[in-house]
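Working notes, beginning with the structure itself.
Keep in mind that what you see is a predicted model, and the values were worked out from it rather than measured.
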Amino acid sequence: SAKDMKHRLGFLLQKSDSCDYSSSQGKKEKISSSQRVSQEEVRKWADSLENLIHHDRGLAAFRAFLKSEYSEENIEFWVSCEDYKKTKSPAKLSPKARKIYDEFISVQATKEVNLDSCTREKTSHNILEPTLSCFDEAQRKIFTLMEKDSYRRFLKSPYYLDLVSPPGASCGPENCKRSHSHTLDCNSNVISQFA
């Protein structure tokens, strides 16, 4: 249900590192309210998809939203490409490239991303002799696809609106005027800006 999703998203946003799936009790105890994402930071997510996905909690919120739309393969592919570009050992390039290709690009891919045939073919050719940039074009296409499509829906969804306008924040005309200098304090401002 939507309530469960919100609860899970709230939990994700409070984690100190959304990419660390460790269930260590010590880490959970160290999380303080100062580590929560600030309203200022949440508002920056509306500036660009890049701001959103380069912030751990923004990435977690966007991933949860995509999961709710059954399209999380796009962000998973993008994250895998980012990780791949950090590969230090040349010996690891080929197996990593093959894994990403098999998981996201090949015709039988379990989490196939939506690429045009030209980009798919070029990427297939690139992984024969993999370099750190062999997925760049495919990653760029998927980024653009997310930016034009799911990112815009995310900004209008409760996944974002509930974070940018916390519970108890009234959106009366006096508050909108007063907070206008802080930008995007009220849901209506967010929606109209991206409509």
Between R153 and D149, is the closest basic N to carboxylate O distance under 4.0 Å? yes
Should the pair K85-E82 be classified as a salt bridge under the 4.0 Å nitrogen-to-oxygen rule? yes
Only one of W78, W45, F143 passes ring pair (Phe, Tyr, Trp, His ring centres under 6.0 Å) with H54; say which it is. W78
Quick check: do L66 and S150 have side-chain heavy atoms less than 4.5 Å from each other? yes
For E121, look at atom CD and say whether over 12 heavy atoms of other residues, nucleotides or ligands are found less than 6.0 Å away. no
Consider only side-chain N and O atoms of Y101 and T123, and report whether a donor and an acceptor are under 3.5 Å apart. no
Under the rule for ring pair (Phe, Tyr, Trp, His ring centres under 6.0 Å), what residues qualify as partners of F154, not counting sequence neighbours? F62, F65, Y160
All heavy atoms of F135 vs all of A97, minimum pair found to be CZ-O, 3.4 Å
Ion pair present between R63 and E72, side-chain N to carboxylate O less than 4.0 angstrom? no
Go through the side-chain N and O atoms of T87 and K92 and say whether any donor and acceptor fall under 3.5 Å apart. no
Pair D116, T119: side-chain N/O donor-acceptor within cut-off below 3.5 Å: yes
For C134 and Y84, what are the C-alpha separation, side-chain angles and deciding distance, and is it a side chain to side chain contact (heavy atoms under 4.5 Å, CB included)? CA-CA 10 Å; C134 70; Y84 175 80; 3.5 Å; yes
